[in-house]
There are 4 protein chains.
Amino acid sequence: MIAKATSRPRGRPRKLAGPEDLLAAALRVFSERGFAASRLDDVAREAGVSKAALYLYFESKQAIFEALVRSAVVPNVERLEAMVAGWRGSAADLLRTLVQAIARIVVDGEVAAFPKLIIAEASNFPDLAKLYRTAVIERTLGLLASIVRRGVAAGEFRPTDPELAARLVIAPILFASLWKTCFARHDKVPFDPAPLLELHVDTLVKGLA
Amino acid sequence: MIAKATSRPRGRPRKLAGPEDLLAAALRVFSERGFAASRLDDVAREAGVSKAALYLYFESKQAIFEALVRSAVVPNVERLEAMVAGWRGSAADLLRTLVQAIARIVVDGEVAAFPKLIIAEASNFPDLAKLYRTAVIERTLGLLASIVRRGVAAGEFRPTDPELAARLVIAPILFASLWKTCFARHDKVPFDPAPLLELHVDTLVKGLA
Amino acid sequence: MIAKATSRPRGRPRKLAGPEDLLAAALRVFSERGFAASRLDDVAREAGVSKAALYLYFESKQAIFEALVRSAVVPNVERLEAMVAGWRGSAADLLRTLVQAIARIVVDGEVAAFPKLIIAEASNFPDLAKLYRTAVIERTLGLLASIVRRGVAAGEFRPTDPELAARLVIAPILFASLWKTCFARHDKVPFDPAPLLELHVDTLVKGLA
Amino acid sequence: MIAKATSRPRGRPRKLAGPEDLLAAALRVFSERGFAASRLDDVAREAGVSKAALYLYFESKQAIFEALVRSAVVPNVERLEAMVAGWRGSAADLLRTLVQAIARIVVDGEVAAFPKLIIAEASNFPDLAKLYRTAVIERTLGLLASIVRRGVAAGEFRPTDPELAARLVIAPILFASLWKTCFARHDKVPFDPAPLLELHVDTLVKGLA
DNA sequence: CATGAATGAGCCTTCATTCAT
DNA sequence: TATGAATGAAGGCTCATTCAT
């Protein structure tokens with residue numbers, strides 16, 4: 001939901017903590033309307049600033065989007081990588097944990113709209129697509145592949161192409177994210193990704209065993 | 001091939017058979033650039049027609065999109081339903097066959113861009129999203145759910161929520177479609193969905209057993 | 001003076017003879033305000049068209065300017081060249097005639113504002129400056145130099161660098177043009193270029209003898 | 001050198017002596033880009049000062065321009081007047097000397113861009129044009145006219161309208177200044193005003209004799 | 001005195017849509 | 001039926017100008 005700008009006393013006083021507030025506003029607006037359909041006016045209003053103020057911190061509309069990817073998405077990937085690096089249990093358990101962690105980010109988190117955003121704008125902004133692919137997708141898939149590889153090495157899983165398996169792991173999470181951002185609005189019973197992903201991990205682990 | 005269904009007088013080479021050619025052009029253009037970024041100029045030029053001519057058959061840009069969904073996607077669903085209705089083999093085999101059939105449509109077919117298109121525009125055109133959901137997604141998921149149900153009833157699969165399982169079936173196909181339309185352009189080795197989907201069915205059937 | 005758009009019945013009917021009307025309007029507006037300060041809104045209003053209509057015929061504001069140079073200035077140079085080519089009298093007489101002809105174009109004519117325009121925008125639009133220089137200035141100077149050369153050869157003038165002399169011929173005409181477009185507005189006695197240029201030719205011819 | 005007139009306390013290296021440094025910066029920037037295309041940001045950066053600081057000394061962008069005319073141009077006129085007042089030689093020699101003096105200012109000097117600037121902005125800033133005309137042009141023309149008058153009175157020149165003759169004197173200098181600021185950039189052989197002006201004075205003196 | 005931060009107004013450009021023919 | 005010509009409504013971006021500090 002897009003707020004009507006936090007009421008501000010009056011006049012000029014406005015201390016912008018920095019670009020972060022603007023990015024937060026942009027995240028909300030882009031999530032709601034998509035990138036192309038978002039007007040900079042909307043972003044500015046959402047942030048409680050003038051349109052021109054956006055250009056104090058960003059060179060263009062697209063630059064805002066790119067900064068958003070870097071600031072809001074990439075850190076999450078790093079958190080996931082740290083989690084995997086420190087893991088000591090079985091590959092299956094790690095898979096389950098990771099799936100839930102990713103889902104918390106990409107289905108329930110504030111960046112839930114990103115997959116949709118990137119998919120929508122990939123062809124119009126190839127640079128952005130490449131950035132997202134390199135900085136987010138490939139790193140996440142690599143993480144998942146490494147787990148599968150670990151499971152295969154440990155005899156937990158049957159021999160399997162880890163790159164393909166990684167995509168199988170991601171696919172239902174992506175599905176859940178997209179469902180939520182595109183269709184959940186009209187669901188009769190509210191969409192709950194948890195049982196879906198539980199069944200997903202169950203089935204996948206069993207299927208890979 | 002789109003737009004070949006409506007019977008045409010045969011014989012006299014018309015200037016314009018009707019809306020079908022326009023839709024075919026729109027499909028090509030929308031697939032290339034996305035809906036929002038496609039200019040009606042482009043569609044008209046691709047169809048070899050004046051821009052104004054589009055308005056002889058369609059009320060608006062969005063109406064073209066909607067007609068496209070109806071004409072290009074819905075028939076595919078009907079073909080799939082027919083295939084399932086006539087099936088006599090095992091649920092697992094049907095699943096495998098159906099996955100391949102869906103992938104042929106949605107990954108290799110000319111409507112491969114539709115998932116991306118719908119995802120991109122769902123929030124801007126809620127009516128369209130609802131139409132696609134009702135006419136395409138839910139029918140396809142229902143189809144898959146019925147197969148799962150059949151497999152469970154036959155003892156082929158362990159007891160499983162068929163609605164959830166249906167989503168698990170679809171997810172990697174959707175992934176493949178989106179990958180192809182959004183990222184495959186920059187793949188170093190050309191993206192081949194076949195092995196991914198094979199592994200998918202293998203794993204899923206095993207996991208559901 | 002910029003008119004308020006010739007009253008037009010009402011509604012949409014408008015037959016633009018072509019880009020010429022737009023260029024004529026642009027000439028008036030640019031002459032009045034200069035290129036940078038002219039808004040496309042003004043040009044459109046002056047032409048009695050919508051702003052968007054300008055883009056049916058020209059790619060950008062600058063393109064309008066360039067078209068203006070080509071269409072409104074270059075033909076004049078060609079007329080001058082023809083006049084010189086056909087001349088049979090003395091060099092001094094030709095000089096006098098040519099000075100008057102140039103002045104009629106560049107001081108009294110509708111393109112009187114061009115020297116000012118080009119001078120004002122030369123640094124902002126180097127391409128345009130180069131075009132004008134090549135297509136107008138150098139050709140005109142070359143014309144004048146050829147006359148001087150002819151006069152020197154005929155013993156009418158003392159030996160003189162024709163390129164330099166050509167610039168001396170032009171300078172007062174340019175002065176008159178600029179004075180008219182920049183300062184004449186506030187003259188107490190209306191500015192009349194004729195006696196100035198007469199004295200100019202007299203003095204110059206005598207000085208070159 | 002601009003902005004060196006107002007006495008400064010001597011000794012303590014101040015952060016900002018006052019408006020002079022700002023004007024010097026403005027002169028450089030305006031000369032480079034022209035008035036309209038110069039951003040106050042550029043002027044401020046060139047002066048090593050914040051944009052807001054400009055408003056401590058000047059009311060508006062235009063006010064900076066006006067101050068520039070007064071501070072950078074007018075003193076030059078006064079110097080010329082002093083030179084003429086003290087002259088004891090022939091009118092022809094004075095003419096020659098004065099032409100060179102003016103050219104040193106307006107072709108080679110740091111105010112070389114002023115004619116172009118004034119010409120470009122005359123219609124947008126009529127007040128400025130009037131100021132320049134009164135404070136610079138008319139005084140300089142008056143100076144030249146007085147010399148011509150002197151030469152006519154002394155029998156050195158034939159009877160001639162001194163006001164017109166003054167304009168003939170100025171015209172090639174103006175030409176040289178404009179050529180340098182607008183077109184010299186693309187000259188194949190570097191533009192040298194000296195021979196042009198030498199020929200100018202020679203011819204003119206001979207023509208007026 | 002000096003500035004960082006912010007803004008309002010404006011301009012070029014685009015595009016879905018319409019109308020006269 | 002079909003179109004060329006035209007437009008209204010926006011949207012991204014710029015910049016002179018102004019406060020609070």
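A, B, ... follow the sequence lines: proteins, then strands. Residue 1 opens every chain. Excluded from the calculations below are hydrogen atoms, water molecules and symmetry mates; all remaining heavy atoms, backbone and side chain alike, are included.
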Report task. Please state how far atom CZ in C:Phe58 lies from atom C1' in E:dC12, giving the value in whole angstrom units. Result -> 16 Å
Requested in this report: Could you work out which one of E:dT13, F:dT3, F:dA6 sits closest to the side chain of B:Leu56?
Outcome: F:dT3
Report task. Rounded to the nearest angstrom, tell me the gap between atom NZ in B:Lys61 and atom P in F:dA10. Result -> 16 Å
Query raised in the report: Of all residues at least two apart in sequence or in a different chain, which pass the salt bridge (Lys or Arg N to Asp or Glu O under 4.0 Å) check with D:Arg45?
Result: D:Asp42
Requested in this report: Compare all side-chain heavy atoms of A:Thr181 with those of A:Phe114 and state whether any distance is below 4.5 angstrom.
Outcome: no
Query raised in the report: When the distance from CG of A:Asp41 to C1' of F:dC13 is rounded to whole Å, what number comes out?
Result: 11 Å
Requested in this report: Find the distance D:Asp21:CG to E:dC1:C1' and express it as a whole number of Å.
Outcome: 14 Å
Query raised in the report: If you check every side-chain atom of D:Tyr55, which of E:dT13, E:dT7, F:dT18 has the closest atom?
Result: F:dT18
Report summary line: Walking DNA chain E from its 5' end, the first of B:Ala36 and A:Leu54 to be reached, judged by nearest nucleotide, is A:Leu54
Query - With sequence neighbours excluded, residues passing salt bridge (Lys or Arg N to Asp or Glu O under 4.0 Å) with C:Lys51 - result: C:Asp41
Report task. Round to a whole Å and report the spacing from CZ of B:Phe35 to P of E:dC15. Result -> 13 Å
**Report entry** Pairing residues for D:Glu66 by the salt bridge (Lys or Arg N to Asp or Glu O under 4.0 Å) criterion, not counting sequence neighbours
**Finding:** none
Query raised in the report: Are any of B:Tyr57's side-chain N or O atoms less than 4.0 Å away from OP1 or OP2 of F:dA2?
Result: yes
Query raised in the report: 5'-most contact on DNA chain F: D:Glu59 or B:Gly48, nearest heavy atom basis?
Result: B:Gly48
Query raised in the report: Tell me: CG of C:Leu40 to P of F:dT7, nearest whole Å?
Result: 13 Å
Report summary line: Residues passing the ring-ring contact (aromatic ring centres under 6.0 Å, His included) test with B:Phe125, sequence neighbours excluded, are B:Phe35
Requested in this report: Output the single nucleotide from F:dT3, E:dT3, E:dA16 whose closest atom is nearest the side chain of B:Ala52.
Outcome: F:dT3
Query raised in the report: Which heavy atom of C:Ser31 sits nearest a heavy atom of C:Ala113, and at what distance?
Result: OG-CB, 3.3 Å
Report summary line: Sequence neighbours excluded, the answer for side chain to side chain contact (heavy atoms under 4.5 Å, CB included) partners of A:Ala135 is A:Val74, A:Leu131
Report summary line: Given Watson-Crick and G-U pairs under 3.5 Å, DNA chain E in dot-bracket ([ ] crossing, | other strand) is .||||||||||||||||||||
**Report entry** For atom CZ of B:Arg45 and atom P of F:dG4, their distance in whole Å
**Finding:** 12 Å
Query - Under 3.5 Å donor-acceptor pair, B:Lys51 side-chain atoms to E:dT17 base atoms - result: yes
Requested in this report: Grab the CG-C1' distance between C:Leu22 and F:dA6 for me, whole Å please.
Outcome: 11 Å
